[in-house]
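Report on one structure; see the data block that follows.
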Amino acid sequence: ERQAMKNIVQAVDQVADRLGNTRAVCRKYYVHPAVLDAYERGLVMVRPPAPPVELDEKRERQSAALRREEAAVLQFLQRVLEQEPRNG
């Protein structure tokens, strides 16, 4: 548990450094809480394999298209959030 917390701090620090923000800003605005929770529960691998992203040629050339890593994170969050019980 202690090592997991150290790993989280280190990962958030790397994100902060890359984005030019503080750790607190990155944790609050850029790192989805489901990612940290999943890591703490052992559901996240250090570097998950990138899923194949099927994009048509037009979409692939658009600057708004997701990169492989972004698509992988989006799919991960969708799976994790679908598994959570809904309130209400």
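In this chain, numbering begins with 1 at the start of the sequence shown.
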If you measure from [atom1] on [X] to [atom2] on [Y], what distance do you get to the nearest 0.5 Å?
X	Y	atom1	atom2	value
Tyr29	Leu19	OH	CG	14.0 Å
His32	Arg27	NE2	CZ	13.5 Å
Ile8	Arg23	CD1	CZ	11.5 Å
Leu36	Glu40	CG	CD	6.5 Å
Asp13	Gln10	CG	CD	8.0 Å

**Report entry** Electrostatic pair Arg67:Glu70 at N-O distance under 4.0 angstrom
**Finding:** yes

Query raised in the report: With hydrophobic residues grouped by side-chain heavy-atom distances under 4.5 Å, do Val9 and Val31 end up in a single group?
Result: no

Could you tell me which non-hydrogen atom of [X] sits nearest to which non-hydrogen atom of [Y], and how far apart they are?
X	Y	answer
Cys26	Asn21	SG-CB, 3.8 Å
Tyr39	Ala4	CE2-O, 3.6 Å
Leu81	Ala34	CD2-CB, 4.1 Å

Query - Arg41 and Asp37, any side-chain heavy atoms less than 4.5 Å apart - result: yes

Report task. Dump the intermediate steps for side-chain contact (heavy atoms from CB on, under 4.5 Å) on Tyr30 and Val12, then the final yes or no. Result -> CA-CA 9 Å; Tyr30 294 100; Val12 173; over 6 Å; no

